Amino acid sequence: MNIPLLMPALSPTMSEGTIVKWLKQEGDIVEIGDILCEIETDKATMEFESFYTGHLIYIGVKEGESAAVDSVLAIIGDKDADVD
């Protein structure tokens, strides 16, 4: 099962966030509680942790890119899953 990871609203006024750095890469195994990336908001830079276990099979927003709240940042799932 593929699980999309959405850009969280990390503050009440946040409409988009910028990926500062990915700490996990495509293909990495992710456990619950692992820090996946750092997100810069309108207020601060915060860590984004996983609430799921699986493989990080897709990164949709690269470092330095911005994305709107609720847009897909990445997908966690089975390492052989098709993300198309």
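Just so it is clear, the structure is predicted and the values come from calculations on it, not from any experiment.
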side-chain contact (heavy atoms from CB on, under 4.5 Å) partners of Phe51, counting only residues at least two apart: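 Listed in chain order: Glu49.
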[atom1]/[X] to [atom2]/[Y] distance, rounded to the nearest 0.5 angstrom?
X     : Y     : atom1 : atom2 : value
Leu56 : Leu5  : CG    : CG    : 7.5 Å
Ile29 : Ile76 : CD1   : CD1   : 11.5 Å
Met14 : Glu40 : CE    : CD    : 10.0 Å
Cys37 : Leu73 : SG    : CG    : 6.0 Å
Leu10 : Lys43 : CG    : NZ    : 12.5 Å
His55 : Ile75 : NE2   : CD1   : 15.0 Å

Taking all non-hydrogen atoms of both residues into account, name the closest pair between [X] and [Y] and its distance.
X     : Y     : value
Asn2  : Gly77 : OD1-CA, 3.9 Å
Asp78 : Ile57 : O-CG2, 3.4 Å
Ile39 : Gly17 : CG2-CA, 4.1 Å

Tell me every residue that passes salt bridge (Lys or Arg N to Asp or Glu O under 4.0 Å) with Asp28, counting only those two or more places apart in sequence or in another chain. none
Please assess Leu6 against Val72 for the test side chain to side chain contact (heavy atoms under 4.5 Å, CB included), listing each intermediate value before the final yes or no. CA-CA 5 Å; Leu6 306 180; Val72 176; 3.8 Å; yes
Taking only distance into account, with no hydrogens and no angle test, what donor-acceptor pairs under 3.5 Å do side-chain atoms of residues 61-70 form with protein atoms, sequence neighbours excluded?
| from | atom 1 | to | atom 2 | distance (Å) |
| --- | --- | --- | --- | --- |
| Lys62 | NZ | Ile59 | O | 2.9 |
| Glu63 | OE2 | Trp22 | N | 2.9 |
| Glu65 | OE1 | Lys62 | N | 2.9 |
| Ser66 | OG | Thr18 | OG1 | 2.6 |

hydrophobic_cluster_shared for Val30 and Ile3, side chain cutoff 4.5 Å: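 Yes.
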Between Val20 and Ile35, is there shared hydrophobic-cluster membership here, with clusters defined by ILVMFWY side-chain heavy atoms closer than 4.5 Å? no
